[in-house]
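Everything on this sheet refers to the single structure shown next.
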There are 2 protein chains.
Amino acid sequence: MKQSKAPVLSYQEFLSEQHVSLESFCEELVGSNRTRIQIKNEKRATQNMLRIVKAVMTLSQRKGFQGMSLRDLSQKTELSMGALYNYFSSKEELFEMVYLQGRQSVQRVMQNNARDSDPETRLNRSICAHLYMSEVLPQMFSFFFMEARNLPRRSQKNIIDLEKVTEGFFEQILQDGIKEKRFRIQQPALLSGAIKALLQDWYLKRYKFSGKKISVEQYAAFVIDLVSRSLE
Amino acid sequence: MKQSKAPVLSYQEFLSEQHVSLESFCEELVGSNRTRIQIKNEKRATQNMLRIVKAVMTLSQRKGFQGMSLRDLSQKTELSMGALYNYFSSKEELFEMVYLQGRQSVQRVMQNNARDSDPETRLNRSICAHLYMSEVLPQMFSFFFMEARNLPRRSQKNIIDLEKVTEGFFEQILQDGIKEKRFRIQQPALLSGAIKALLQDWYLKRYKFSGKKISVEQYAAFVIDLVSRSLE
DNA sequence: GTCTATACATAGATAGAC
DNA sequence: GTCTATCTATGTATAGAC
């Protein structure tokens with residue numbers, strides 16, 4: 001294996017450009033659902049929503065969203081059952097709100113990082129951006145992955161799987177690279193799926209990497225190296 | 001990308017050597033839990049257990065094991081609630097029985113396929129074996145992955161994560177290859193994790209591959225190619 | 001806006017007839 | 001061995017006091 005070099009986008013650079021955080025996520029979440037949420041005071045609404053989202057992530061990780069009762073949620077947030085229902089009108093709606101807002105955030109950040117003209121740079125930047133985003137919000141990415149099946153079957157038409165969004169990004173870049181004769185690959189769909197699988201491993205098995213003292217930049221370099229060997 | 005060649009172990013070869021099936025899995029499951037299961041007639045016990053396991057896999061896929069009620073299970077298996085409780089004494093025990101038996105089956109098949117002297121052959125055979133096994137029992141592998149967090153916290157000492165078992169297999173082979181100076185890699189742990197992530201993608205996103213008409217042997221060749229490029 | 005108290009449905013589990 | 005009927009705990013959701 002080649003000695004890993006520093007990735008095209010550093011973690012610090014990413015953080016200063018994108019402002020990804022659970023706090024800003026909850027601001028957007030409240031903004032997008034202004035009519036549903038019955039609390040007028042926006043600041044208060046955001047603060048409590050942050051506690052709710054944090055608690056959902058923590059509790060779901062252990063038992064799954066289905067296994068998390070609203071009594072659990074009430075206890076963890078220190079909000080009463082009655083209070084909770086001012087922020088959503090059903091458990092299912094709570095899930096949908098978080099999921100849809102999450103998908104939008106991911107899309108936005110990915111688009112912001114896919115603007116280079118050179119396909120190789122664009123590919124590597126996108127890999128970094130996705131890893132860094134999931135480094136900031138690991139519980140949220142893990143939540144989306146594990147709980148996607150809870151999406152309501154109704155209105156499924158409008159609900160595009162978040163996975164497909166991510167994978168589609170990478171496949172598009174690979175196809176651009178093929179057109180421009182920069183990449184020589186026969187099955188871009190397989191390779192984009194492989195990239196996505198490697199990115200998922202980062203947030204799904206976080207304990208494993210932290211135990212081995214692998215930093216997110218090291219992992220980014222590893223993935224980029226692995227992928228680039230397939231492009232030759 | 002190189003033109004993919006036929007993998008070192010064909011799917012047909014694997015099937016004729018290993019006899020992996022849901023039926024034999026349930027036979028073993030009944031055998032391992034002879035004292036718990038209150039049905040004397042072994043054939044009947046196995047048949048009904050097969051219906052139970054099938055139903056658990058199907059229902060869990062949609063709502064998760066937690067979200068599956070025993071009434072759902074009763075309906076799907078066409079066994080009454082009372083009848084079900086002759087096969088397990090609690091929902092949690094049902095989960096544990098299936099999980100532990102599954103881990104044992106995976107271990108056995110992996111060991112049967114890791115006997116070659118040459119590390120490269122051993123690595124490639126193991127990749128094939130794991131993919132083929134998950135091709136036969138995709139719902140079961142998916143179930144283990146998604147529901148592993150439901151394992152009871154008590155007695156966790158004895159409960160080794162199935163993931164670690166699989167990943168450990170690959171890491172051992174990589175380290176053997178390094179010792180014998182056949183592989184030149186610096187971080188076998190990262191690469192074995194990557195292999196595992198690629199294998200997981202096969203059974204977690206099965207619909208995706210079948211939609212694109214990718215066969216399990218094609219995918220095996222793809223993974224082996226990707227990995228071998230990292231060993232050079 | 002938040003709380004307590006409570007309604008109502010559904011969960012897991014069991015007893016006893018057949 | 002299997003079924004029906006039922007127990008008790010817990011779940012989601014709401015009403016009304018403060």
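Keep in mind that the numbers below use all heavy atoms, side chains included, and drop hydrogens, waters and symmetry copies. All figures in this text were calculated on a predicted structure; none of them were measured in a lab.
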So which one's nearest nucleotide on DNA chain C is more toward 5', A/Y87 or B/G82?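 Nearest nucleotide further toward 5': that of A/Y87.
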
The answer to which of A/R71 and A/L79 contacts DNA chain C further toward the 5' end, by nearest nucleotide, is A/L79

Thinking salt bridges, do B/E171 and A/K208 make one under a 4.0 Å N-O criterion?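 No, B/E171 and A/K208 are not salt-bridged.
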
Starting at [atom1] of [X] and ending at [atom2] of [N], how long is that distance when rounded to a whole Å?
| X | N | atom1 | atom2 | result |
| --- | --- | --- | --- | --- |
| A/L84 | D/dA15 | CG | P | 17 Å |
| B/M81 | D/dC7 | CE | P | 15 Å |
| A/E93 | D/dT12 | CD | P | 15 Å |
| A/L70 | D/dT12 | CG | P | 4 Å |
| B/Y85 | C/dG12 | OH | P | 7 Å |
| A/F65 | D/dT12 | CZ | C1' | 12 Å |

Between D/dT2, C/dC3, D/dA13, spot the one nearest the side chain of A/K91, thanks. D/dA13

Of the candidate nucleotides C/dC3, C/dA11, C/dT6, which contains the atom at the shortest distance from the side chain of B/S69?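 Nearest nucleotide to the side chain: C/dA11.
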
Check this for me: A/K205, atom NZ, are more than 12 non-hydrogen atoms of other residues, nucleotides or ligands nearer than 6.0 Å? yes

Which of these passes side-chain contact (heavy atoms from CB on, under 4.5 Å) with B/S89: B/E93, B/E92, B/K91? B/E93

When we call it a touch if two heavy atoms are under 4.0 Å apart, what does A/F88 touch: a base, just sugar-phosphate, or nothing?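 If one applies the 4.0 Å heavy-atom cut-off, A/F88 turns out to touch nothing in the nucleic acid.
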
Mind checking B/N48 for me? I need base, sugar-phosphate or nothing, with any heavy atom below 4.0 Å counting as a touch.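 B/N48: backbone/sugar contact only, no base atoms under 4.0 Å.
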
Contact summary for B/R122 and B/A114, nearest pair of heavy atoms: CD-O, 3.0 Å

